[in-house]
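Every number for a ligand or one of its atoms is a count from 1 in the order of the listing. Computed from a predicted model, the values in this text were never measured in an experiment.
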Amino acid sequence: MAQGQFIPPKRTLMGPGPSDVSQRVLDALSRPTIGHLDPEFIRLMDEIKELLQYAFQTENALTMPVSAPGSAGMETCFVNLVEPGDKVIVCRNGVFGGRMLENVERCGGTAVMVDDAWGRAVDVEKVKAALEANPDAKIVAFVHAETSTGAVSDAKAIAELARQHDCLTIVDTVTSLGGSELRVDDWGLDAVYSGTQKCLSCIPGISPVTFSERALEKANNRGSKVQSWFLDLNLVTAYWGTGAKRAYHHTAPVNDLYAFHESLLMLKEEGLENSWARHQSLHEKLIAGLTVLGLTVVPPEGERLAQLNTVMIPEGIDDATVRGRLLADYNLEIGAGLGDFAGKAWRIGLMGSACTEDNVRFCLESLETVLIDLGADVEKGAAVTAAFA
Ligand SMILES: *Cc1c(COP(=O)(O)O)cnc(C)c1O
């Protein structure tokens with residue numbers, strides 16, 4: 001086979017991530033590579049930490065990007081905090097809660113599961129009951145924004161309960177950071193990880209994390225070594241930590257961090273609250289249009305994420321046919337259903353740079369045309385009219 005340059009098609013990314021990366025971020029990526037211990041690079045690292053503290057709404061000194069995707073941020077939290085024998089309450093209302101269970105077990109911890117239906121928020125009352133039944137639990141782990149179902153959980157209430165029972169929290173904010181209200185310090189969250197390719201609209205492959213003093217105290221007083229050399233905070237912080245002296249730990253993805261810095265700068269320029277509001281208002285428009293197309297939203301009102309809309313596919317419509325046509329005819333990617341929702345639901349993302357009025361319009365028009373072609377009883381133009389009424 002003849003090989004040549006890879007030129008990707010120009011897609012509009014409205015799935016569960018990655019989301020559209022703006023030209024500004026792509027331009028930053030292509031600037032000249034410098035050394036990862038260059039004083040100018042250290043200056044950039046310090047700025048990234050500050051911008052990240054803003055994005056997370058935290059003063060935590062240990063706030064940094066892990067050089068690997070969101071899953072590595074997840075592992076960073078678990079391997080540093082969970083010691084063999086630790087009891088961890090794990091809330092599971094979708095795919096990512098299931099991964100938390102995997103993490104706890106691999107760390108030698110014991111998981112107590114709090115299960116909720118797919119498409120629903122974590123039930124705070126069940127968390128309370130689990131904490132009362134397990135006074136020896138040390139950690140509560142939960143997903144703020146479940147990307148597999150489009151449900152948002154009450155991170156503030158869960159963290160408050162955890163504190164009352166002297167537990168730390170491990171919180172997945174991969175999809176919420178930048179898109180939904182998230183206040184690490186005000187809500188008292190302890191170990192929090194995220195990703196760059198969802199509402200921050202940066203390239204995939206970096207995972208921002210932040211640790212409270214309480215979390216670090218547990219990590220620093222472990223009786224056993226962290227089983228991962230790469231993710232051991234004691235070692236990584238020699239490079240990312242405070243102070244002028246930075247020692248080699250691994251070679252940071254220098255250009256990726258240029259891009260990440262740019263995306264955080266864009267968030268700061270827009271303003272966090274404005275970004276949250278933009279996601280919410282365009283979500284409402286999208287839903288108004290999708291409803292006209294006969295699609296019903298899975299999570300009940302009050303438990304819906306703005307940036308990830310899970311909707312049931314109408315009876316008689318084939319999932320793969322529609323997504324295939326959207327990609328082939330419109331260069332538009334929407335997400336398939338996962339787990340219980342495979343073949344039954346779509347996940348339509350409105351994340352970061354992809355969360356625009358133009359994209360809402362484009363998605364509704366494209367989907368409407370395909371559905372009409374497949375025999376849906378919808379009047380052409382009705383979805384956009386409903387959305388922007
Ligand atoms: C995407 C996602 C992850 C995993 O992030 P990767 O960058 O794919 O490793 C974890 N949790 C949630 C909620 C996600 O949406």
Side-chain angles (χ1 to χ4, degrees), residues 13-21 25 52 56 64-79 90-104 106 116 118-122 141-155 158 169-182 184 189 191-210 228 230-231 253 256-257 259-260 263 279 298-299 303-310 333-339 341 345-352 354-355:
L13 300 179
M14 298 183 74
S19 63
D20 284 340
V21 178
V25 170
L52 201 47
F56 273 128
M64 57 168 247
V66 174
S67 303
S71 305
M74 177 186 275
E75 296 229 18
T76 301
C77 292
F78 283 93
V79 298
V90 176
C91 307
R92 177 171 56 185
N93 59 340
V95 166
F96 294 101
R99 289 193 181 176
M100 287 180 150
L101 166 62
E102 272 288 319
N103 271 267
V104 170
R106 283 164 195 248
D116 277 293
W118 280 50
R120 295 302 307 268
V122 171
F142 65 95
V143 179
H144 184 210
E146 237 315 338
T147 325
S148 63
T149 68
V152 62
S153 291
D154 190 343
I158 298 170
T169 44
I170 295 180
V171 190
D172 181 322
T173 66
V174 175
T175 283
S176 52
L177 184 65
S180 315
E181 184 177 12
L182 169 65
V184 168
L189 313 179
V192 182
Y193 61 92
S194 191
T196 45
Q197 78 275 30
K198 315 251 170 149
C199 294
L200 298 181
S201 273
C202 185
I203 55 164
I206 301 174
S207 179
V209 296
T210 185
S228 164
F230 184 65
L231 300 175
D256 293 12
L257 290 172
F260 184 41
S263 68
H279 284 86
V298 173
E303 299 180 13
R304 292 174 185 169
L305 278 171
Q307 59 273 51
L308 201 280
N309 298 273
T310 304
E333 178 184 281
I334 64 167
L338 277 184
F341 296 126
W346 290 315
R347 290 180 302 150
I348 303 179
L350 276 179
M351 297 182 178
C355 181

**Q** Is there a polar contact, in the sense of an N or O pair closer than 3.5 Å, between Tyr193 and ligand 1?
**A** no
**Q** Taking N or O atoms only and a 3.5 Å limit, does Thr147 qualify as a polar contact for ligand 1?
**A** yes
**Q** Answer with yes or no whether Glu146 contacts ligand 1, where contact means a heavy atom under 4.0 Å from a ligand atom.
**A** no
**Q** Students should be able to answer this: which protein heavy-atom is nearest to atom 9 (O) of ligand 1, and at what distance?
**A** Ser71 OG, 2.5 Å
**Q** If you have a sec, work out which protein heavy atom is nearest atom 3 (C) of ligand 1 and how many Å separate them, to one decimal?
**A** Phe96 CE2, 3.4 Å
**Q** Can Ala145 be said to touch ligand 1, with heavy atoms closer than 4.0 Å?
**A** yes
**Q** Any side-chain heavy atom of Phe96 sitting closer than 4.5 Å to one from Thr175?
**A** no
**Q** Side chain, backbone, both or neither: which part of Gln197 has a heavy atom under 4.0 Å from ligand 1?
**A** side chain
**Q** Hey, which atoms in ligand 1 end up nearer than 4.0 Å to a heavy atom of Gly70?
**A** 5 (O), 6 (P), 7 (O), 9 (O)
**Q** Side chain of Arg347, backbone of Gly337: donor and acceptor closer than 3.5 Å?
**A** no
**Q** Would you tabulate the side-chain donor-acceptor contacts of residues 66-77 under 3.5 Å, counting partners in other chains and residues two or more places apart, or write 'none'?
**A**
{"residue": "Ser67", "atom": "OG", "partner": "His250", "partner atom": "NE2", "Å": "2.7"}
{"residue": "Thr76", "atom": "OG1", "partner": "Ala72", "partner atom": "O", "Å": "2.7"}

**Q** Show your working on side-chain contact (heavy atoms from CB on, under 4.5 Å) between Val171 and Phe142 and close with a plain yes or no.
**A** CA-CA 5 Å; Val171 190; Phe142 65 95; 3.7 Å; yes
**Q** Against heavy atoms of Pro69, which atoms of ligand 1 measure under 4.0 Å?
**A** 6 (P), 7 (O), 9 (O)
**Q** May I ask whether His144 places a heavy atom under 4.0 Å from ligand 1?
**A** no
**Q** Could you tell me if the side chain of Pro253 sits less than 4.5 Å from the side chain of Phe260, heavy atoms only?
**A** no
**Q** Give the contacting part of Lys198 toward ligand 1: side chain, backbone, both or neither, where contact means a heavy-atom distance below 4.0 Å.
**A** side chain
**Q** Hey, is Pro204 touching ligand 1 through its side chain, its backbone, both or neither, going by heavy atoms under 4.0 Å?
**A** neither
**Q** Is Asp116 reaching over with its side chain to a backbone N or O of Val122, donor-acceptor style, under 3.5 angstrom?
**A** no
**Q** Report, in ascending order of atom number, the atoms of ligand 1 lying under 4.0 Å from any heavy atom of Thr175.
**A** 15 (O)
**Q** Atom 11 (N) of ligand 1: which protein heavy atom is closest, and how many Å away?
**A** Asp172 OD2, 2.7 Å
**Q** Assess, by modelled atom type and distance only, whether the side chains of Ser19 and Ser201 contain a donor and an acceptor separated by less than 3.5 Å.
**A** yes
**Q** Without swapping roles, check the side chain of Ser148 against the backbone of Leu338 for a donor-acceptor pair under 3.5 Å.
**A** no
**Q** Taking the side chain from Ser153 and the backbone from His144, do they hold a donor-acceptor pair closer than 3.5 Å?
**A** no
